[in-house]
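Some notes on the structure that comes next.
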Amino acid sequence: MKTKKLAGIVLAIILCGALLVGCYNPANVMKINNKDVPAGVYLFYQFSAVQQAMSEYGDSTITGTAIYDVEIEGTPAREWINNKTLELVKRHVFIESEFERLGLSFTSTEQNSNKYMADYQWQQSYSILRRNGISYESFALVVDNSYKESAVIKALYDTDGEKALPEEDFETYFHEHYTKLDYLQFPYAYDSGEALSEEDAATLLDLAKTMRDYAKQTGSMETAFIQYYQQVLDLMAKPAETGEDEEAADEETADEEAATDEDTTVEEEAAVEVNAELYAATAKVGTVVNDALTSPDADFIKAVFNAKAGDYKVYVKKEASLIILYHVIGLEDADKIEDYHNQLLMEMAEDPYEAYVTATVDTYAISVNERARKHYSLDNIKFS
């Protein structure tokens, strides 16, 4: 009996040594502020730090483990990634600690919503996460932590919060950093997907300027759209290249010329109706934006805030294939600050919150299981 038992132990040791992952899989990597950091949570933030390193380095030719051989912000990549991992983990612990300290909790509806989002996001990325030792349970903890952070910020900085921002500051911030506009981004390629020729790109810009002038004259971008946008659509439809298509086009022209005046009137009315619907579907109407946005283009947003309410302008950025006609409306009485309160809170609280996080985590006692951290080495990361 003893011989069989001993043989079993030896076999287990041999198999354990043959496995790539190994039999030593510690549940926690470190303790921060008296809170254990689960291995899966640590591995998630380590993987995130690697992705951030690649983004920060900004060279798409550097892939996989090659990122470990470069410097980021003057620091060897491995050191930078390890520092970033610890920073992210400490932030995770801070959020958990504050959520608990402030006596916060989620309603059952919020819990279900958080789980739904975790499930959805897991489905998008579970393959690569699992290969890096990150379970659904660990991923769900990270997702839940992100929702806890929003709750913590609100509890700290809302008008009735522990570090409440003055109520009047919301009104001031809203009018300084937000505005409203209508804008229309023109297609910058043929319907076939091919890039516009230089000649047609110039024609498109002329059309945009013509629409701007007509909008100024009529006081309506929609009217300008209805009047001229068919020319834009015609420009996007590349001319037929075969004789057969040209003959078909000639036949259509002949049929159109044969139409009665009454038919033409009906068609024109239908065209206006279609274009009005197309305007509603194509243009961004009554869009409220803030000056930190980068979509559809950061320089476009700057141009919007440099313009005056009532201006009709054309924004052009050839290197980005952008032509945008826009009308700055400015905030109106209908734009109630209450509708944007939570968004304003998150933006206004960003600087004081980050300062509070930094000051707090700097006081945390950290106890690292060095064997565990070495076990979960950067060299074990799977990139695909």
Side-chain angles (χ1 to χ4, degrees), residues 32-38 41-42 44-45 48-49 51-52 55 83-121 138-179 288-295 298 301 331 335-366:
I32 299 178
N33 197 35
N34 291 319
K35 289 186 178 294
D36 287 325
V37 177
V41 170
Y42 177 85
F44 179 88
Y45 287 120
S48 298
Q51 303 306 310
Q52 288 186 41
S55 176
N83 291 341
K84 177 60 69 173
T85 301
L86 182 58
E87 176 189 322
L88 294 173
V89 170
K90 285 162 64 176
R91 188 185 190 92
H92 180 102
V93 171
F94 167 85
I95 293 164
E96 296 293 327
S97 299
E98 284 294 287
F99 193 83
E100 182 180 319
R101 182 185 71 81
L102 292 164
L104 302 176
S105 61
F106 290 127
T107 64
S108 59
T109 300
E110 289 170 334
Q111 288 174 352
N112 289 335
S113 176
N114 295 354
K115 185 180 184 305
Y116 173 83
M117 289 307 300
D119 291 347
Y120 176 77
Q121 293 174 31
S138 296
F139 179 75
L141 288 175
V142 172
V143 173
D144 204 48
N145 186 263
S146 70
Y147 290 111
K148 286 180 178 179
E149 182 166 44
S150 296
V152 165
I153 293 173
K154 188 172 179 62
L156 288 172
Y157 297 103
D158 210 347
T159 49
D160 59 350
E162 187 178 277
K163 302 172 181 289
L165 296 170
E167 194 166 351
E168 58 271 18
D169 286 2
F170 283 81
E171 187 76 31
T172 301
Y173 185 92
F174 188 46
H175 285 90
E176 283 182 356
H177 297 278
Y178 281 72
T179 192
V288 175
V289 298
N290 68 37
D291 55 10
L293 284 179
T294 58
S295 177
I301 297 298
L331 294 177
D335 300 312
K336 302 297 184 185
I337 191 170
E338 294 81 8
D339 297 336
Y340 301 90
H341 181 83
N342 286 340
Q343 183 176 339
L344 296 174
L345 172 63
M346 294 302 159
E347 292 171 13
M348 294 170 63
E350 183 177 359
D351 288 344
Y353 175 68
E354 291 301 326
Y356 179 50
V357 172
T358 301
T360 304
V361 300
D362 282 349
T363 68
Y364 285 169
I366 303 174

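- Side-chain atoms of N145 come within 3.5 Å of backbone atoms of H92 as a donor-acceptor pair (strictly under, hydrogens ignored).
- Within a 6.0 Å sphere centred on CD of E167, other residues, nucleotides and ligands contribute 12 heavy atoms or fewer.
- Inter-residue side-chain proximity for F44 and L141 is flagged as unmet; no heavy-atom pair is nearer than 4.5 Å.
- Here the shortest heavy-atom pairing between I153 and M346 reads CG2-SD, 3.7 Å.
- Ring-plane geometry between Y120 and Y116 is classed as parallel, the angle between the planes falling under 30 degrees on a 0 to 90 degree scale with a further cut at 60.
- Residue pairs meeting the ring-ring contact (aromatic ring centres under 6.0 Å, His included) criterion with at least one member in residues 142-164, sequence neighbours excluded, do not occur.
- For the pair V152 and F99, the tightest heavy-atom approach, listed with the atom from each and the gap, is CG2-N, 3.7 Å.
- Looking at T294 and I301, their side chains never come closer than 4.5 Å, going by heavy atoms from C-beta outward.
- In summary, the aromatic rings of F94 and Y364 are positioned with their centroids too far apart to meet the 6.0 Å limit.
- Take K154 and apply the side-chain hydrogen bond (donor to acceptor under 3.5 Å, both in side chains) test, not counting sequence neighbours, and it matches D158, N342.
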Using residues 348-355 as the side-chain source, report each donor-acceptor pair under 3.5 Å to any protein atom, sequence neighbours left out, with the distance given to one decimal.
{"unit_1": "Y353", "atom_1": "OH", "unit_2": "E149", "atom_2": "OE2", "d": "2.8"}
{"unit_1": "E354", "atom_1": "OE1", "unit_2": "R91", "atom_2": "NH1", "d": "3.1"}
{"unit_1": "E354", "atom_1": "OE2", "unit_2": "R91", "atom_2": "NH2", "d": "2.6"}

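- Closest approach of Q121 to F139, counting heavy atoms only: CB-CZ, 3.6 Å.
- Put simply, the side chain of L345 reaches to within 4.5 Å of the side chain of F170, judged on heavy atoms.
- Neither side chain, N290 nor H177, offers a donor N or O lying under 3.5 Å from an acceptor on the other.
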